[in-house]
Number of protein chains: 2
Amino acid sequence: MQPTEFLKDLRQRGHRRTPQREMILQVICECDGHITADEIITRVRKRYPHLNKSAVYRTLNLLVQTGFVNPTDFGSGSVTYEIHRDPHHHHLVCRECGKMIEVDAGVFAPVERKLRDEYAFAPDLHHFAIFGLCRKCQKKG
Amino acid sequence: MQPTEFLKDLRQRGHRRTPQREMILQVICECDGHITADEIITRVRKRYPHLNKSAVYRTLNLLVQTGFVNPTDFGSGSVTYEIHRDPHHHHLVCRECGKMIEVDAGVFAPVERKLRDEYAFAPDLHHFAIFGLCRKCQKKG
DNA sequence: CTCCTAATTGCAACTAGTTGCAATTGAAAA
DNA sequence: TTTTCAATTGCAACTAGTTGCAATTAGGAG
C-alpha cells in the first residue's frame, strides 16, 4: 500500500489528512523494514524541519490502532515500527548475536486454539519479538 | 524463598549484600504478586527515606538477569515485577475489561518444539502478557 | 583491626514516550 | 467563498527508566 491509500482509509475512519501524517507515512513506506520513531523524525525533518515529536508518536499510535503498522520492541531501547503484512509474522531474536529470523504467524496456531478452547480467551498473537538462542550460539554456549 | 536466601545466592554469584538490596527484596517478597518499581520505592522509603531510584532499577535488572524475578509489561505505563515461580506461567489480559487470567507455561510447548525443530532456535518463552478478549467481552463486542 | 579493591550507590543529566492545553487547520456544510 | 467545529499540531512539562561518574562501602586478604 502507498501513503495515499493509507490516508484515504484513515479519512474514511474520520481522521484528517495532514502534511505531517503524509510525510510520516511516506517515510515508513519508503523504509522497507523496521524503523524507529527517532529515525522517522530525522528523515521527515530533512524536507520539513519543523516536525514535532508528539505528532510522530501520535501518528504512530494511530497507525498501530488501525492495524496499518506493527510495533516491535527488540529491547534496544526504542520501539520499531513496520508496515503490516498479511499474514502476520513474528521475529526470533538471538540474545547473544542479535541474529533475527522471521517466522510466520502459524507457529502460534496451537496456542491460539488452546487458549480459545480451555480459557475461552481470544488472543491477539501479533508480531512478537521472541528472544532466545540461535543455532550457532547454542553450540558456542 | 526469603530475602536472606536470595541475598546468599547473589553473594555466591559475586554480588554484594547491601541494605538497599535487602529492603528492596523484602518489599518484593512481602507483596505477593506483581509490583512496580515506583511502588517498591514508596514502600522502602517508609523505613529508609533516602533510597535512590537508580538503585531500585539496577537491583530489579539484576534480579531479572539472575532469574529470581520476572518482569511483565501489562501496558499500563510501568513494568511490574513478580517473584519467579517454577514452573513458568503467563498472563492473559483482556484488552476491554482488564481481566487477568493466569495460564501455565505448557501452553507454549508446541511453539517451543516447532521453533527448535524447524528453526533450530531455543526460545525463552517466559512470562508473557498476552492481550486479547475474555469470554464476556467477546460476547459484548 | 586495617587496608585494599571492585561493586554499589547517589546524583544529575539524559532518552523514549505521553499528556494537557491553547492555537491552528482540514474539510464539510451553508 | 465563508463559516464552523472537531481533529490535529506544537509546546512545555511530565513519567518511566538508563547511564556516566565521583564518592562510598562490602567484605576478603594481610
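Convention: sequence-line order gives letters A, B, ...; per-chain numbering from 1.
Nearer to the 5' terminus of DNA chain D, by closest-nucleotide assignment, is the contact made by A/Arg17 (compared with the other of B/His15 and A/Arg17). With the nearest nucleotide of DNA chain D identified for both B/Val79 and B/Arg16, B/Val79 has the one nearer the 5' end. In terms of position on DNA chain C, the residue among B/Ala55 and B/Gly14 whose nearest nucleotide sits closer to the 5' end is B/Gly14.
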For nucleotides 1-4 of chain D, tabulate all protein N/O to nucleotide N/O atom pairs closer than 3.5 Å, reporting atom names and distance.
none

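The shortest distance between the side-chain N/O atoms of A/Arg21 and the OP1/OP2 oxygens of D/dT8 is below 4.0 Å. At least one side-chain nitrogen or oxygen of B/Arg11 sits closer than 4.0 Å to the OP1 or OP2 atom of D/dG28.
Surrounding CZ of B/Arg135 are at most 12 heavy atoms belonging to other residues, nucleotides or ligands under 6.0 Å away. Within a 6.0 Å sphere centred on CG of B/Asp32, heavy atoms belonging to other residues, nucleotides or ligands number 12 at most.
In this structure, CG of A/Leu62 is placed 7 Å from P of D/dT8, rounded to the nearest angstrom. Taking atom NZ on A/Lys53 and atom C1' on D/dT8, their separation rounds to 18 Å, with Å as the unit. One atom, CG of A/Asn61, and another, P of D/dA7, lie 17 Å apart when rounded to the nearest Å. Look at CZ on B/Arg58: it is 15 Å from P on D/dT25, rounded to the nearest Å.
Side-chain atoms of B/Arg116 never come within 3.5 Å of backbone atoms of B/Ala120 as a donor-acceptor pair (strictly under, hydrogens ignored).
Checked against a 6.0 Å centroid threshold, the rings of A/His90 and A/Phe128 count as neighbours. The six-membered or imidazole ring of A/His89 lies near that of A/His127, with a centre-to-centre distance under 6.0 Å. Two rings, from B/Tyr81 and B/His34, have their centers 6.0 Å or more apart.
Closest approach of B/Val56 to B/Leu51, counting heavy atoms only: CG2-CD2, 3.4 Å.
Under the 4.0 Å criterion applied to side-chain N and carboxylate O atoms, B/Glu82 and B/Arg85 are assigned as salt-bridge partners.
Base engagement by A/Ser54 is indicated by at least one non-hydrogen atom pair under 4.0 Å involving a base atom.
The footprint of chain A on DNA chain C, defined by a heavy-atom cutoff below 4.0 Å, extends from C/dA16 to C/dA28.
Applying salt bridge (Lys or Arg N to Asp or Glu O under 4.0 Å) to B/Glu22 and the options B/Lys8, B/Arg17, B/Arg16, B/Arg47 leaves one that passes, B/Arg17.
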